[in-house]
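Have a look at the structure below before the remarks.
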Amino acid sequence: MSWFTTSGHEDIHTLWSRFRFYRNISGMSFYARADPKKLSSVMSDTDKTLEKNGFHKNTSADRISMLSYSEKQYTEESFIDSVLPHALYFNEPCSLSISVGGRDFFCIQSVLCGLCADECYNIASEAELLLDSEFDLAYSEKFGYLSPIPAHTGQGIEISAALFLPALAKKNKIEGLKNILCRSSIELYPMVTYESNPGDLYILNYIPKSGMGEETSVTYFHNIAEYIISYEKEYEHSVYGDNITELSDPARRAFGTMEYAGKIDEFEFLCLFSDLRLCLATGANKDDKILGKMSVRDLNGILAQSLSASLIANAGVKPLNIGECNSLRANILKDFAVSLKESV
């Protein structure tokens, strides 16, 4: 199941956790310089191996569909623009996907709802063992796993989580936190690219250096993420304190806008999303008969549907202008609001 249809540990402040393995094939040039005949043969072998082990191959090749997969965290955005043969495979029951052909030959990843990098690692590890049993993965005793991307050489792993940090953002603590994290080679950056960060959503990203084992790296990342979440909760209490109930007013306004607006652009949606999620995070929705029915799953669901590429891909209508996209988004949010009211 997709991360946005489930729940998990610390899922109010952690939308998803993700673990990636980057792997290449020994005795073969890196993907971008691979011999076309050999590449075709390996792609065919990969197809057979994955499909007989429960994976299904994505057949949507258009750019919008592929961008929507990137928005939903199924693949890297860099994979989308690959000009050589490439393919994306899903094993949806365990939230697992494998990109074949990109910056690295294999990108094996698992993404789940909540703070659960360890679970993602365990799932992705099984797929990595499967590929390792079928292919001779490129490894050097001196350098570790080999990759055309210097950061991926060594352990060849990446651990990430999407965090909701409204109080830290409000108190201008993000930059200081970023500076502290960068000393440990951990990045913290906005999930969406606007001058401001309307949804208060941030990606915590860690590419461990050689010398630290995989399980140790996962535990280290988990502890850092838990610390940031506890820091956020402290500031939520500090900022809102006894005025938590006042957060229900902007949340009601956000809900009303979703229910009645004819057009909502992505920036406005993310602002509305943040107001509703903060209300849920602080418990300010508990005494509201409508907002009290709202869940993390509801909010994750509308986020996954309302980001631009996913919106267009789900509509199945191309091309769409900005106005049409904003109308579609408003309709999705209206359906959410009406459904929530009907559940009361």
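- A single hydrophobic cluster is seen to contain both L320 and I332, as judged by linkage of ILVMFWY side chains at heavy-atom distances under 4.5 Å, directly or through other members.
- Every residue was checked against the ring-ring contact (aromatic ring centres under 6.0 Å, His included) condition with H13, not counting sequence neighbours, and none meets it.
- Checked against side chain to side chain donor-acceptor pair (under 3.5 Å), S41 has no partners two or more places apart in sequence or in another chain.
- Residues Y22 and Y145 keep their aromatic ring centres 6.0 Å or farther apart.
- Across L15 and W3, no two heavy atoms sit closer than the pair O-CE3, 3.6 Å.
- Formation of a donor-acceptor pair under 3.5 Å by the E232 side chain with backbone atoms of F164 is not found in this model.
- How far CG of N122 is from SG of C116: 10.5 Å, rounded to the nearest 0.5 Å.
- Side-chain atoms of S147 come within 3.5 Å of backbone N or O of I149 as a donor-acceptor pair.
- At distances below 3.5 Å, at least one donor-acceptor pair connects side-chain atoms of D35 with backbone N or O atoms of K38.
- A donor-acceptor pair shorter than 3.5 Å can be found between the side chains of Y74 and S2.
- By the rule that hydrophobic residues join a cluster once side-chain heavy atoms approach within less than 4.5 Å of another member, L146 and F21 end up as members of separate clusters.
- Side-chain contact check for E158 and Y206: no donor-acceptor pair (N or O, by modelled atom type) lies under 3.5 Å.
- Aromatic rings from F135 and F106 are positioned such that their centres are separated by under 6.0 Å.
- Distance check: T257 OG1 to F255 CZ gives 11.0 Å after rounding to the nearest 0.5 Å.
- For H237, the NE2 atom sits in a loose shell: 12 or fewer heavy atoms of surrounding residues, nucleotides or ligands are nearer than 6.0 Å.
- The list of salt bridge (Lys or Arg N to Asp or Glu O under 4.0 Å) pairs with a residue in residues 98-113, not counting sequence neighbours, reads E76-R103.
- Residues meeting the side chain to side chain donor-acceptor pair (under 3.5 Å) test with Y89, sequence neighbours left out: D47.
- When the side chains of ILVMFWY residues are joined at heavy-atom separations under 4.5 Å, either directly or via intervening members, I224 and Y235 end up in a single hydrophobic cluster.
- Here the side chains of I159 and Y220 are not in contact, with every heavy-atom distance at 4.5 Å or above.
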Task: Full working for side chain to side chain contact (heavy atoms under 4.5 Å, CB included) between F105 and F30 - done: CA-CA 7 Å; F105 197 88; F30 290 130; over 6 Å; no
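- For the residue pair G262 and A330, the shortest heavy atom distance occurs at O-CB, 3.3 Å.
- The shortest distance between side-chain heavy atoms of N58 and M66 falls below 4.5 Å.
- Side chain of S274 to backbone of L270: no donor-acceptor contact under 3.5 angstrom is found.
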TODO: Decide yes or no on side chain to side chain contact (heavy atoms under 4.5 Å, CB included) for N24 and L137, but give the supporting numbers first.
DONE: CA-CA 6 Å; N24 293 279; L137 300 181; over 6 Å; no
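- Surrounding NZ of K263 are at most 12 heavy atoms belonging to other residues, nucleotides or ligands under 6.0 Å away.
- Judged by distance alone, with hydrogens and angles left aside, the side-chain atoms of S310 form no donor-acceptor pair with the main-chain N or O of S306 at under 3.5 Å.
- Sequence neighbours left out, the pairs with a member in residues 244-260 that pass salt bridge (Lys or Arg N to Asp or Glu O under 4.0 Å) are D249-R253, R252-D288, E259-K341.
- Residues that satisfy the side chain to side chain donor-acceptor pair (under 3.5 Å) test with T75, not counting sequence neighbours, are S99.
- Summarising the local packing, CD of E51 is surrounded by more than 12 heavy atoms from other residues, nucleotides or ligands at distances under 6.0 Å.
- Listed here is the closest heavy atom pair of T153 and F143: CG2-O, 3.9 Å.
- In terms of heavy atoms, L96 sits closest to A124 at CD1-CA, 4.0 Å.
- The backbone N or O of G114 sits less than 3.5 Å from a side-chain atom of S17, completing a donor-acceptor pair.
- In plain terms, the two heavy atoms of V344 and K289 that are nearest each other are CG2-O, 3.4 Å.
- Note: Y189 and Y202 fail the aromatic proximity criterion, with ring centroids not under 6.0 Å apart.
- With sequence neighbours excluded, no residue satisfies side chain to side chain donor-acceptor pair (under 3.5 Å) with Y240.
- Judged by distance alone, the side chains of R329 and N326 do bring a donor and an acceptor atom under 3.5 Å apart.
- Across all their heavy atoms, A337 and M258 have their closest contact at CB-C, 4.4 Å.
- When hydrophobic clusters are built by joining Ile, Leu, Val, Met, Phe, Trp and Tyr residues whose side-chain heavy atoms come closer than 4.5 Å, directly or via intermediates, V338 is not grouped with L333.
- S68 places a side-chain N or O within 3.5 Å of a backbone atom of S65 that can act as its donor or acceptor partner.
- Inter-residue side-chain proximity for S160 and W16 is flagged as met; some heavy-atom pair is nearer than 4.5 Å.
- Grouping Ile, Leu, Val, Met, Phe, Trp and Tyr by side-chain contacts under 4.5 Å, direct or through others, leaves Y260 on its own.
- Residues E226 and L115 meet the side-chain proximity criterion, which asks for heavy atoms closer than 4.5 Å.
- Sorted by first and then second residue, the salt bridge (Lys or Arg N to Asp or Glu O under 4.0 Å) pairs with a member in residues 198-218 read R23-E214; sequence neighbours excluded.
- Cluster partners of I207 are absent, since no Ile, Leu, Val, Met, Phe, Trp or Tyr has side-chain heavy atoms less than 4.5 Å from it.
- Judged purely by atom type and a 3.5 angstrom limit, T14 uses its side chain to pair as donor or acceptor with the backbone of E10.
- Once rounded to the nearest 0.5 Å, the distance linking NZ of K72 with OG of S70 reads 10.5 Å.
- Hydrophobic clustering of Ile, Leu, Val, Met, Phe, Trp and Tyr side chains at less than 4.5 Å, counting indirect connections, unites L278 with V239.
- I123 has its side chain out of reach of N91: every pair of non-hydrogen atoms, C-beta onward, lies at least 4.5 Å apart.
- Taking the six-membered ring for Trp and thresholds of 30 and 60 degrees, Y227 and Y231 have nearly parallel ring planes, at less than 30 degrees apart.
- V192 is not listed as a side-chain neighbour of L201, based on a closest heavy-atom distance of 4.5 Å or more.
- In this structure, Q109 contributes its side chain and I98 its backbone to no donor-acceptor pair below 3.5 Å.
- Between H222 and H9, the ring planes lie parallel to each other; the angle is under 30°, not in the 30° to 60° tilted range.
- There is a side-chain donor-acceptor pair under 3.5 Å between S308 and E266.
- Not one N or O on the side chain of S339 forms a donor-acceptor pair closer than 3.5 Å with the backbone of F336.
- From S217, atom OG reaches atom CD of Q155 across 4.0 Å, with rounding to the nearest 0.5 Å.
- Sorted by first and then second residue, the ring pair (Phe, Tyr, Trp, His ring centres under 6.0 Å) pairs with a member in residues 114-133 read F19-Y121; sequence neighbours excluded.
- Summarising the local packing, CG of N179 is surrounded by more than 12 heavy atoms from other residues, nucleotides or ligands at distances under 6.0 Å.
- A heavy-atom distance below 4.5 Å is found between the side chains of L276 and L291.
- Counting only residues at least two apart or on different chains, the salt bridge (Lys or Arg N to Asp or Glu O under 4.0 Å) pairs with a member in residues 167-191 are E175-K178.
- A heavy-atom distance below 4.5 Å is not found between the side chains of I108 and R20.
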